[in-house]
Protein chains: 2
Amino acid sequence: MTQPRASQTNAPRFKDTSRSPELLAIAAKLFYERGYSNVGMRLIAEGAGISVATLYYHFASKAEMLLQITLGVTKEFVDTLLPLLEGDTAMDERLSRLVCSHIERRWERRYWVSTALRELRQLDPEWRAQVDGYLRHYFHTVQAFIERGVAEGIFSVNNPHVATLALFDMIHGINDWFQPEGALSITEMAALYAEYSVHNLLGFRA
Amino acid sequence: MTQPRASQTNAPRFKDTSRSPELLAIAAKLFYERGYSNVGMRLIAEGAGISVATLYYHFASKAEMLLQITLGVTKEFVDTLLPLLEGDTAMDERLSRLVCSHIERRWERRYWVSTALRELRQLDPEWRAQVDGYLRHYFHTVQAFIERGVAEGIFSVNNPHVATLALFDMIHGINDWFQPEGALSITEMAALYAEYSVHNLLGFRA
DNA sequence: GTCTATAAGGAGATAGAC
DNA sequence: GTCTATCTCCTTATAGAC
C-alpha cells in the first residue's frame, strides 16, 4: 500500500554485494511464507540480524529485492532445464527428464519460484516484461517440442497448445500440497507426475 | 443465508445488510486484481461510492469481508457441485459433469474463488479452519468417487490419491491463463479439460 | 558496511454528528 | 445508514555519524 517515495529510478542498481545472495534467500523465504506485501523491510533485516539501513545499502528498494529473486530463478530454469530437451535419446525420455527435473527443482527452489509466480504482478511493467520474457520462452519451447512430437506421431493428444498448458498446470500445482514427510518423496512424486504427463495426458505409447 | 446477529464475542457479526452482497462483489474484484494486502478499505469504499465509516457499518473489519467472500464461495461449490456425482448415469459421465461445471463456475466466480485460494493463509486460524473444512470435504468426496471408479475397473490410474490431486491442479490452473477472447470459449475449454481429466489422466475407456 | 534516528505518508479502525 | 474528522500504528526509505 505504501508507495515508495523517491528512488524510482528506472534501472536497478544490482550492486551484487557479497552478502546479497544470503539476504535474498532470507527475503525469498519470508515472501513465500507470508506474501510479499505482508513482509516489511524490518522483518527481513531482523531475519538477517542487520538494521534496515544496512539492508538499503545492499538493495535500492524492496521492489529490487523482488526483481532479483524473480529474475534470477526464472533465468535459472531456462538455462538449466531447456537443454534437457536436446540430445539423441527418445523424445518421451527427454520430456520426462524435463518434467522430473522441473518438479524437483521447483520444490528445492520453492521460495524463489512461488514468489516469482505469485508476485509477478507487483513488479513495475518494465521489469515484469523482462521476467515474462523468460517465462514465455520456457513455455513456448516446451510447447514446440510437444507439437513436434504430435506431428511425428510420438505423442497423441488433442490440441497440443492447451495440453501444454494442462501439463504446466499439473506440475506447478504440486508445490501447493506436497508434504516432504508424506508417503512419497519429491523424486517419487516427480516420476509419478512424469508418467501422468507424458504417458496419460500426452498419450505416449511405448 | 441465515446468520447470527451481532454478539459480544470475537465472532464475526455477519449483519448481512441488504447492500453487503454488492459491497463484497466490489471487494472480491479488487482483491482478485491487486491482492488482499494491497487493497485498502479506502479503495473499496471509493469503488462503492461510500465512505470508509459506512463500510465499517456493514462489516466489522477487512478480515471479515475476506471471510465472507471465502466462506461463501467455498460453501457454494460444495452445495452445488458435489450433488452432480450422485445419480444413475455412468460414473465417467458424472465426473465429467462435475469437472465441466467446476471449471465453468470457477471462471464465472473467479474473483471469489481465486481470492479464497490465494488469501486463505491470511485468515485467523479459527476462521481458516472453517473454510478448510469445506475445501477438504470437496476434495475427499471427489477422491472417494475416483477410488471407487478405480476399484470397479471403470478408471485405470496409478495412485488414485495423487491422481485426484493432479486433476485438481489441472482444473485450477486454467484461470491463470484463460482469455475469454481466445479461440476456445470457457465451455469448450471445460469440455477439453474434462476429456483430459477423465479420459487421459484417469484412463477411462468407453 | 553498519548503525541510530527520523521523515512522510498510508493502513485499519473509531467517535460522534446528522 | 451515512458522513467528517481523527487516532494510532506501521510502512518504505533517507540522513548522517562511525
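Here is the naming used below: chain letters follow the sequence lines, and residue numbers restart at 1 for every chain.
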Between Val52(B) and Val52(A), who's closer to the 5' end of DNA chain C by nearest nucleotide?
-> Val52(A)
Option among Tyr193(B), Phe178(B), Trp112(B) that satisfies the ring-ring contact (aromatic ring centres under 6.0 Å, His included) test with Trp107(B) = Phe178(B)
Between the side chain of Glu188(B) and the main-chain N/O of Ser185(B), is any donor-acceptor distance below 3.5 Å?
-> yes
Look at the side chain of Arg42(B) and the base of dG10(C), then say whether one donor and one acceptor between them are separated by less than 3.5 Å.
-> no
Within this structure, what is the CZ-to-P distance between Phe59(A) and dT14(D), rounded to whole angstrom?
-> 15 Å
Closer than 4.0 Å, any side-chain N/O of Ser51(A) to the OP1 or OP2 of dC3(C)?
-> yes
Pick the nucleotide of DNA chain D nearest each of Ala53(A) and Asn38(A); which residue has the one closer to the 5' end?
-> Asn38(A)
Met41(B) has its side chain closest, among dG12(C), dA13(D), dT2(D), to dG12(C)
Tell me: CD of Glu46(B) to P of dG12(C), nearest whole Å?
-> 13 Å
Leu55(B) CG to dT4(D) C1', straight-line distance once rounded to whole Å | 16 Å
Using atom CD1 of Ile44(A) as one end and atom C1' of dT11(D) as the other, report the distance to the nearest whole Å.
-> 12 Å
Check: Tyr134(B) side chain, Val73(B) main-chain N or O, donor-acceptor pair, under 3.5 Å | no
Between dT2(D) (P) and Leu23(B) (CG): distance, integer Å | 9 Å
Whole angstrom is fine here: how far is it from OH in Tyr57(B) over to P in dG16(C)?
-> 18 Å
Counting side-chain heavy atoms from CB outward, which of dG12(C), dG1(C), dC3(C) is closest to Lys62(B)?
-> dG12(C)
Taking the side chain from Gln130(B) and the backbone from Trp127(B), do they hold a donor-acceptor pair closer than 3.5 Å?
-> no
From NE2 of His58(B) across to P of dA13(C) the rounded distance in Å is 16 Å
Side chain of Ser61(A) (C-beta onward), nearest among dT2(D), dC3(C), dA13(D) | dA13(D)
If the plane angle is over 60° it's perpendicular, under 30° parallel, otherwise tilted; pick one for Phe168(A) and Phe139(A).
-> tilted
Expressed in angstrom and rounded to an integer, what is the separation of Met65(B) atom CE from dG12(C) atom C1'?
-> 13 Å
Which nucleotide in dG12(C), dA13(D), dG1(D) has an atom nearest any side-chain atom of Tyr56(B) = dG12(C)
